[in-house]
Amino acid sequence: MSELYIRVAEDENEEPMEIPSEDDGTILLSSVAAQFPGACGLRYRNPESQCMRGVRLVEGVLHAPENDWGNLVYVVNYPKDNKRKMDEIDAASAVKVKRGFQKTSDLIVLGLPWKTSEQDLKDYFTTFGEVIMVQVKRDLKTGNSKGFGFVRFTEYETQTKVIAQRHMIDGRWCDCKLPNSKAGPDEPMRSRKIFVGRCTEDMTTDELRQYFMQYGEVTDVFIPKPFRAFAFVTFADDQVAQALCGEDLIIKGISVHISNAEPKHNNIHQLFPNFPGGSASLAAMFDRSQYQFPSSHV
DNA sequence: GTTGAGCGTT
């Protein structure tokens with residue numbers, strides 16, 4: 001190890017910033033990400049070959065090439081600049097990412113009052129975001145509303161928000177769903193949070209944060225206390241979280257399993273049907289908690 | 001002229 005700080009920049013021609021190394025000469029990815037949010041690694045131009053080279057990254061720790069950071073300027077890697085990274089996760093995940101593309105679709109609006117018009121619908125939903133179209137389905141002969149309709153938004157974020165809640169329209173509670181799906185206000189808006197199963201007790205929040213940073217920006221890490229062999233990691237981008245679901249990852253030599261973090265009101269009694277002391281105490285214990293479980297455990 | 005879980009005439 002040659003010096004206490006190494007120089008890191010967003011781009012080869014940008015002004016570098018000095019990042020502190022650890023005592024053992026390594027650099028924590030979290031140190032880089034503190035200055036460059038969302039960073040997932042480093043690269044540098046090899047003086048001999050003039051090619052860009054990646055810096056070795058093991059579980060959130062960056063290792064100096066040939067044990068010497070030298071006097072080079074290192075360049076930050078970001079997940080979105082690197083499609084190859086996503087492809088490596090696996091083919092199924094890549095499909096998920098593509099399918100989860102931020103394109104809006106029609107939403108069915110269930111439970112409309114008979115009197116609600118398309119103009120009423122448009123006026124209501126415009127308060128959430130720009131509306132592309134609204135429909136109220138009617139009996140062709142009578143012109144009476146069938147009590148449901150459709151809406152489409154410009155922004156995917158608006159769609160997500162609208163699906164996630166119930167709607168009071170002209171005095172009735174209505175639900176907006178993706179057509180032909182059961183997903184409603186309760187259920188799975190695609191989560192930015194993943195469930196990390198098979199954790200060991202020596203895994204810290206910092207270590208988990210450093211590890212998962214390589215996939216995308218991490219906004220939260222939660223480890224239930226006392227130890228319960230799982231954790232939750234939240235990403236800034238739901239697509240990153242979804243892409244990891246189903247994966248087995250190696251953290252500190254341990255194979256952990258990634259699945260979707262489900263909303264916390266999933267029936268806990270299905271998880272532990274024979275809990276000692278009866279289901280009431282179990283329910284009380286969990287209803288007060290923040291814990292969430294993946295559907296694969298239910 | 002009624003109704004209240006569902007799934008879209010053109």
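Because the structure is predicted, anything quoted here is derived from the model rather than measured. Order of the sequence lines sets the chain letters (A, B, ...), proteins ahead of strands, with each chain counted from 1.
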Atom-pair distance ([atom1] on [X]; [atom2] on [N]), nearest Å:
{"X": "A/Trp173", "N": "B/dG6", "atom1": "CH2", "atom2": "P", "value": "20 Å"}
{"X": "A/Lys141", "N": "B/dG1", "atom1": "NZ", "atom2": "P", "value": "12 Å"}
{"X": "A/Leu110", "N": "B/dG8", "atom1": "CG", "atom2": "C1'", "value": "12 Å"}
{"X": "A/Ile169", "N": "B/dG4", "atom1": "CD1", "atom2": "C1'", "value": "15 Å"}
{"X": "A/Lys146", "N": "B/dG6", "atom1": "NZ", "atom2": "C1'", "value": "11 Å"}
{"X": "A/Arg138", "N": "B/dG6", "atom1": "CZ", "atom2": "C1'", "value": "18 Å"}
{"X": "A/Asn180", "N": "B/dA5", "atom1": "CG", "atom2": "P", "value": "18 Å"}
{"X": "A/Asp175", "N": "B/dG6", "atom1": "CG", "atom2": "C1'", "value": "11 Å"}

Run A/Arg166 and A/Asp175 through salt bridge (Lys or Arg N to Asp or Glu O under 4.0 Å) and show every step you take. CA-CA 5 Å; A/Arg166 303 249 289 157; A/Asp175 293 314; 3.2 Å; yes

Is the number of heavy atoms from other residues, nucleotides or ligands within 6.0 Å of NZ (A/Lys252) greater than 12?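 Count over threshold, so yes.
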
Would you indicate which nucleotide in [options] comes nearest to any side-chain atom of [X]?
{"X": "A/Trp114", "options": "B/dT3, B/dC7, B/dT9", "result": "B/dT3"}
{"X": "A/Ile108", "options": "B/dT9, B/dC7, B/dG8", "result": "B/dC7"}
{"X": "A/Lys177", "options": "B/dC7, B/dT9, B/dG8", "result": "B/dC7"}

Any carboxylate oxygen within less than 4.0 angstrom of a Lys/Arg side-chain nitrogen, looking at A/Asp248 and A/Arg198?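 A salt bridge links A/Asp248 with A/Arg198.
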
Does a donor on one side chain sit under 3.5 Å from an acceptor on the other, for A/Asp202 and A/Thr200?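 Side chains of A/Asp202 and A/Thr200: pair found under 3.5 Å.
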
A/Lys137 side-chain N/O to B/dT9 phosphate OP1/OP2 under 4.0 Å: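 Yes, within the criterion.
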
Just checking A/Leu112: base, sugar-phosphate only, or nothing, at a heavy-atom cut-off of under 4.0 Å?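 Touches a base.
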
For A/Phe148 and B/dC7, do the ring centres fall under 5.5 Å apart while the planes stay under 30° apart?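 Here A/Phe148 fails the 5.5 Å or the 30° condition.
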
Between atom CH2 of A/Trp69 and atom CD1 of A/Ile6, what is the distance when rounded to the nearest 0.5 Å?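 Separation between the atoms: 4.5 Å.
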
5' priority, DNA chain B, between A/Gln135 and A/Thr142 [closest heavy atom]: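 Mapping each residue to its closest nucleotide by heavy atoms, the 5'-most match is A/Thr142.
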
